[in-house]
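Notes to accompany the following structure.
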2 protein chains.
Amino acid sequence: MASKAAVDKRRQILDAAVRVFARQGFHATRVSDIADEAGVAYGLVYHYFRSKDEVLNELFIERWSLLLAAIDEADRAGGSHRSRLAAVASFIIDSYRHDPELMKVIIVEVTRAANSFGQTHLEQIRSAYESIAKIVADGQEAGEFRADVAPLFASMSFYGAIEQLLSGWIFDVIPATDTSFDNAKDLLVTTICDGLEPR
Amino acid sequence: MASKAAVDKRRQILDAAVRVFARQGFHATRVSDIADEAGVAYGLVYHYFRSKDEVLNELFIERWSLLLAAIDEADRAGGSHRSRLAAVASFIIDSYRHDPELMKVIIVEVTRAANSFGQTHLEQIRSAYESIAKIVADGQEAGEFRADVAPLFASMSFYGAIEQLLSGWIFDVIPATDTSFDNAKDLLVTTICDGLEPR
DNA sequence: ACTGCCATTGACTGACCAGTCAATCAGTGA
DNA sequence: TCACTGATTGACTGGTCAGTCAATGGCAGT
């Protein structure tokens, strides 16, 4: 089957793109950098992708759909709503732990670049906010969360906090150690659910 | 004095740059766009600024030093540490309310673009995190905040939440109304200090 | 051993734009 | 009036790259 090799090459280009985008940033990478990194001819990138943008699109869509699925699953898994939020935080932080380069690209070049690239994916990004907001709203309904906080606000604060911590690791503002990751998971849930003030 | 007019022209260029950057994004704006918007010849931009980058630098530095000063003042003003955090959130949100275009540029092109531009200003950005972290740490010392949360983590979560809400307004994920702004101030402090769960 | 189809190659082109620079203008002081 | 200085102008250059395309390679079915 010819397409077997083809699928591999396509993947090879995507993986190379992650590395190069993570290293140099999207704007600073030339298509030839991706081709070189993938060990492939320049033109082949255009055989598999319509444009440089489409390569990034593909990476984002692949990854983001996993996130949306994970949020959904966290919600469906039941348990306290606090534990569902914990599952979301865990998933995102583990995604970073597992593939920091990909997550760096997604966050730096898409999620936090809502001006250029994010614009295209705003719908999908918003969809994540809303799924998290639903967990909050349900938690309020169940009496587990206070009712006087707008769910979407809470959701965005929660997600913003997570992303900020990821950025901290990405740019070495805070050390990216395993204990740091685990602390962060606890902290995020503790802060958002219990607050900073002692009970 | 010749420099009077010169200062005006310089300002005129900076103000025009804010508008154009906000509208098109930094990468997509040509220097000629700035010159046109300012009603000034192309070359004059280079008379006042070494490069296109320096225009953005200037905008960031002007604004960020105000933020650092505001955090400092919030801290020095005394009162509960909770109220100091509230003052910080207030300042940032009011900055957006007062000059959304400038804040959009700062956040989208610098703060959240730590890859390209932010890299240069990472020190200053980190400085803000640390000033906020100091407020948290002092609050812990004073027994107002629980001691088992790393101050820098708390600070980054807090700041990340603020920035995420600003992004929401910037990109119309949440409506940018006055009540929305005021709600956000309350929410941020309530969430970070009291948590979502009822007491 | 031929034919057709897709993968693969990389040289080339066309557009774009940051930054340069030589020329002109305008205010000031003598 | 003249000379000096800094402000202002905009045409031009040099370099960079995204995307094109015509040519080649190689496999699969007959």
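Only this structure's heavy atoms are used, side chains among them; waters, hydrogens and symmetry mates stay out. We name chains A, B, ... by the order of the sequence lines, and we start the count at 1 in each one.
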For D/dC21 and A/Tyr46 - does any side-chain N or O of the residue sit under 4.0 Å from the phosphate oxygens OP1/OP2? no
Nearest whole Å is fine: how far is C/dA26 C1' from B/Leu44 CG? 14 Å
For A/Asp75, the side chain to side chain donor-acceptor pair (under 3.5 Å) test, sequence neighbours excluded, returns A/Arg84, A/Lys134
Within residues 24-42 of chain B, the residues having a heavy atom closer than 4.0 Å to DNA chain D are B/Val40, B/Ala41, B/Tyr42
Check the orientation of B/Phe60 and B/His121. Use parallel for under 30°, tilted for 30 to 60°, and perpendicular for over 60°. tilted
Hydrophobic cluster membership, with links at side-chain heavy-atom distances under 4.5 Å among I/L/V/M/F/W/Y: are B/Val20 and B/Val55 in one? no
Can you check whether A/His47 has a side-chain N or O nearer than 4.0 Å to OP1 or OP2 of C/dT8? no
Test of understanding: with side chain to side chain donor-acceptor pair (under 3.5 Å), list the residues that count as partners of A/Ser131, not counting sequence neighbours. none
Is there side-chain contact between A/Tyr159 and A/Val88, with at least one heavy-atom pair below 4.5 Å? no
Please state how far atom CZ in B/Arg11 lies from atom P in D/dA7, giving the value in whole angstrom units. 17 Å
Spacing between A/Lys9 atom NZ and C/dC6 atom P, to the nearest angstrom: 17 Å
Can you list, in residue-number order, the parts of residues 49-59 of chain A that come under 4.0 Å of DNA chain D, counting heavy atoms only? A/Ser51, A/Lys52
A/Ser83: which residues meet the side chain to side chain donor-acceptor pair (under 3.5 Å) condition with it, sequence neighbours left out? A/Ser80
Contacts of B/Lys104 meeting salt bridge (charged side-chain N to carboxylate O under 4.0 Å, His left out) (sequence neighbours excluded), chain-then-number -> none
Give the cluster check for B/Leu187 versus B/Val189: same hydrophobic cluster or not, with ILVMFWY residues linked at side-chain heavy-atom distances below 4.5 Å. no
